[in-house]
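Have a look at the structure below before the remarks.
Keep in mind that the numbers below use all heavy atoms, side chains included, and drop hydrogens, waters and symmetry copies. Owing to the predicted nature of the structure, the values given are computational and were not obtained by experimental measurement.
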Amino acid sequence: MDHQRPIVAFLYDFDKTLCTTDMQNYAFIPSLGMTPASFWAQANGFGWANHMDGILAYMYTMLQEAERRGRPFTRADLVEKGRDIILFPGVEEWFGRINAFGSSQGVQVEHYIISSGLREIIEGSSISKEFREIYASEFYYDEKGVPVWPKLAVNFTAKTQFVYRINKGVLDVSNDHDLNASMPDDSKRVPFTNMIYVGDGLSDVPCMKMMRAYGGQAIAVYQEENRQGVEDLLVKSRVDFIFPADYREGTALDTTVKHIIQKMSITDSLVEENAHQLRSIGGDVLPNQVRFQDF
């Protein structure tokens, strides 16, 4: 393994999970002279009419509308528009506080984004440096910084591949060979049982189901207008917990996440003790002999 302390990985959606609405709505769409409602109606209608992946449809619509209206569209321009993102209460302080708590429990905390939004806009946000990796849709740019082709399109089901990448420690999206190679469970960098996925709705269900199937934790956050939909996820056992999107210290979200980290830390300690005892008597150490679900 490439670390001394067990790793606990937080995997976040971005739109309506860490920020209050779709990231394009803050600055990009207004720069076109459009409303979010009109832009998304056009993008979705274009996708449906052409039987097109919804993520590729909105990326195409961004390009076409910017060109048609004579608006600047470069990588640097998109990053700059990320400065206008509005985060939920407590998000900016969340990462440092959770990292420190994890350290106090003997684990190393890492944070990842898995989003269908745009990496470029996320990079412009005030929290972009908090993430070990940002997996999000992205354009390929020419030497002038002008987008010419989709580099990565992260639709709802494609999100799951990035969970596997984090699990194996194969973070480079161009490295499919190592991602698909067989790897013993006990050599994977971040066990599924040490993952916490945080999302806001149906687009996160594939990743949430992975967490529940493999022993991780799935959390849905909500604003009042989507509370009913998130409650439905809980009733149908698609998530473990639901909370208002308030990341401040002392909230129910904050307290529960700390309890989860403590539980993961204890489980890792028990796994290590079990392995130590088996080695001391010449027994075979089996991967995941002590499992998160057993507690």
Side-chain angles (χ1 to χ4, degrees), residues 9-26 28-29 35-37 39-41 43-45 47-48 52-59 61 85-91 94 111-119 121-122 125 127 131 134-137 152-163 166 192 195-214 216-248 251-254 256-257 260:
F10 283 79
L11 287 51
Y12 306 87
D13 180 38
F14 200 88
D15 295 346
K16 302 176 186 175
T17 296
L18 297 174
C19 67
T20 59
T21 188
D22 294 324
M23 63 184 69
Q24 297 88 346
N25 294 1
Y26 295 106
F28 177 78
I29 293 174
T35 65
F39 174 87
W40 291 113
N44 293 334
W48 294 328
M52 192 173 183
D53 177 88
I55 308 305
L56 292 172
Y58 92 64
M59 294 173 76
T61 303
I85 284 175
I86 299 172
L87 302 168
F88 284 120
V91 167
W94 167 265
H111 305 272
Y112 297 83
I113 291 292
I114 305 178
S115 170
S116 295
L118 285 178
R119 178 188 178 106
I121 296 178
I122 296 171
S125 72
I127 57 173
F131 306 105
I134 297 171
Y135 293 117
S137 303
L152 187 64
V154 182
N155 64 28
F156 307 144
T157 53
K159 286 184 173 186
T160 57
Q161 75 147 300
F162 304 107
V163 179
I166 295 164
F192 291 118
M195 291 184 178
I196 303 167
Y197 187 90
V198 185
D200 69 282
L202 288 175
S203 66
D204 301 298
V205 164
C207 290
M208 290 173 169
K209 289 183 69 174
M210 283 185 68
M211 293 298 102
R212 290 181 56 79
Y214 295 138
Q217 297 282 283
I219 297 173
V221 297
Y222 62 85
Q223 301 175 77
E224 200 54 42
E225 58 265 30
N226 75 315
R227 178 171 183 163
Q228 184 175 354
V230 168
E231 288 176 343
D232 187 61
L233 295 179
L234 184 64
V235 169
K236 293 179 178 176
S237 299
R238 290 179 154 186
V239 297
D240 296 295
F241 304 100
I242 63 172
F243 299 106
D246 187 340
Y247 293 78
R248 288 174 290 189
T251 60
L253 173 61
D254 177 74
T256 300
V257 161
I260 292 171

(request) Kindly compute the distance separating OG (Ser203) from CD1 (Ile114), expressed to the nearest 0.5 Å. (result) 11.5 Å

(message) Using side chain to side chain contact (heavy atoms under 4.5 Å, CB included), reason through Phe156 and Leu202 one step at a time and then give a plain yes or no.
(response) CA-CA 9 Å; Phe156 307 144; Leu202 288 175; over 6 Å; no

(message) I want to check something: taking the side chain as every heavy atom from C-beta on, are Val257 and Val198 in contact at a cut-off of under 4.5 Å?
(response) no

(request) Just say parallel, tilted or perpendicular for the rings of Tyr247 and Phe88, cut-offs at 30° and 60°. (result) parallel

(message) Tell me whether the count of non-hydrogen atoms from other residues, nucleotides or ligands lying under 6.0 Å of CD in Glu225 goes above 12.
(response) yes

(message) Within this structure, what is the CG-CD distance for the pair Leu118 and Gln24, rounded to the nearest 0.5 Å?
(response) 5.5 Å

(request) Assess whether side chain to side chain contact (heavy atoms under 4.5 Å, CB included) is satisfied between Ile122 and Ser115, documenting all intermediate values. (result) CA-CA 9 Å; Ile122 296 171; Ser115 170; 4.1 Å; yes

(message) Holding to side chain to side chain donor-acceptor pair (under 3.5 Å), I want the full list of residues that pass it with Glu231, two or more places apart in sequence or in another chain.
(response) Arg227

(message) Going by the rule side chain to side chain contact (heavy atoms under 4.5 Å, CB included), which residues pair with Pro206 if we only count those two or more places apart in sequence or in a different chain?
(response) Thr157, Thr160

(request) Walk me through it: do Leu87 and Cys19 pass the test side chain to side chain contact (heavy atoms under 4.5 Å, CB included)? (result) CA-CA 4 Å; Leu87 302 168; Cys19 67; 4.2 Å; yes

(request) Report the residues that fulfil ring-ring contact (aromatic ring centres under 6.0 Å, His included) with Phe131, sequence neighbours left out, ordered by chain and then residue number. (result) Phe95

(request) Please report the closest heavy-atom contact between Asn25 and Thr21, naming both atoms and the distance. (result) ND2-OG1, 3.1 Å

(message) Please enumerate all residues that pass salt bridge (charged side-chain N to carboxylate O under 4.0 Å, His left out) together with Asp13, with sequence neighbours excluded.
(response) Lys159

(request) Could you pull out the closest heavy-atom pair between Ala9 and Ile166, with the gap in Å? (result) CB-CG2, 4.3 Å

(message) For Tyr26, give me all partners under side chain to side chain donor-acceptor pair (under 3.5 Å), at least two apart in sequence or on another chain.
(response) Thr20

(request) Could you pull out the closest heavy-atom pair between Tyr222 and Val230, with the gap in Å? (result) CB-CG2, 3.7 Å

(request) To the nearest 0.5 Å, tell me how far Gln217 CD sits from Ile260 CD1. (result) 4.5 Å

(request) Kindly indicate, with the supporting measurements, whether the criterion side chain to side chain contact (heavy atoms under 4.5 Å, CB included) is fulfilled by Leu253 and Phe241. (result) CA-CA 9 Å; Leu253 173 61; Phe241 304 100; over 6 Å; no

(message) Applying salt bridge (charged side-chain N to carboxylate O under 4.0 Å, His left out), can you list everything that pairs with Asp246, at least two apart in sequence or on another chain?
(response) Arg248

(message) Applying ring-ring contact (aromatic ring centres under 6.0 Å, His included), can you list everything that pairs with Phe14, at least two apart in sequence or on another chain?
(response) none

(message) Give me the atom names and distance for the closest heavy-atom approach of Met208 to Asp200.
(response) CE-N, 4.3 Å

(request) Of all the heavy-atom pairs spanning Lys16 and Val221, show the shortest one and how long it is. (result) O-CG2, 4.1 Å

(request) For Tyr58 and Ser116, work out which heavy atoms get closest and say how close. (result) OH-O, 2.7 Å

(request) For Phe162, enumerate each residue passing the ring-ring contact (aromatic ring centres under 6.0 Å, His included) test, keeping only those at least two apart in sequence or located in another chain. (result) Tyr135

(message) Once rounded to the nearest 0.5 Å, what's the spacing between atom CG of Asp204 and atom OH of Tyr197?
(response) 3.5 Å

(request) Can you measure from CH2 (Trp94) to CG (Leu18) and round to the nearest 0.5 angstrom? (result) 9.5 Å

(request) Output all residues satisfying side chain to side chain donor-acceptor pair (under 3.5 Å) with Thr256, sequence neighbours left out; order by chain, then residue number. (result) none

(message) Just to verify, what does Asn44 make a side chain to side chain donor-acceptor pair (under 3.5 Å) with, not counting sequence neighbours?
(response) none

(message) Rounded at 0.5 Å granularity, tell me how far CD1 in Ile127 sits from CD1 in Ile113.
(response) 6.0 Å

(request) State which residues pass side chain to side chain contact (heavy atoms under 4.5 Å, CB included) with Ala158; sequence neighbours excluded, sorted by chain then number. (result) Asn155

Table please: side-chain donor-acceptor pairs of residues 232-240 below 3.5 Å, with sequence neighbours left out.
unit_1: Asp232; atom_1: OD2; unit_2: Lys236; atom_2: NZ; d: 3.2
unit_1: Asp240; atom_1: OD1; unit_2: Arg212; atom_2: NH1; d: 2.5
unit_1: Asp240; atom_1: OD2; unit_2: Ala218; atom_2: N; d: 2.8

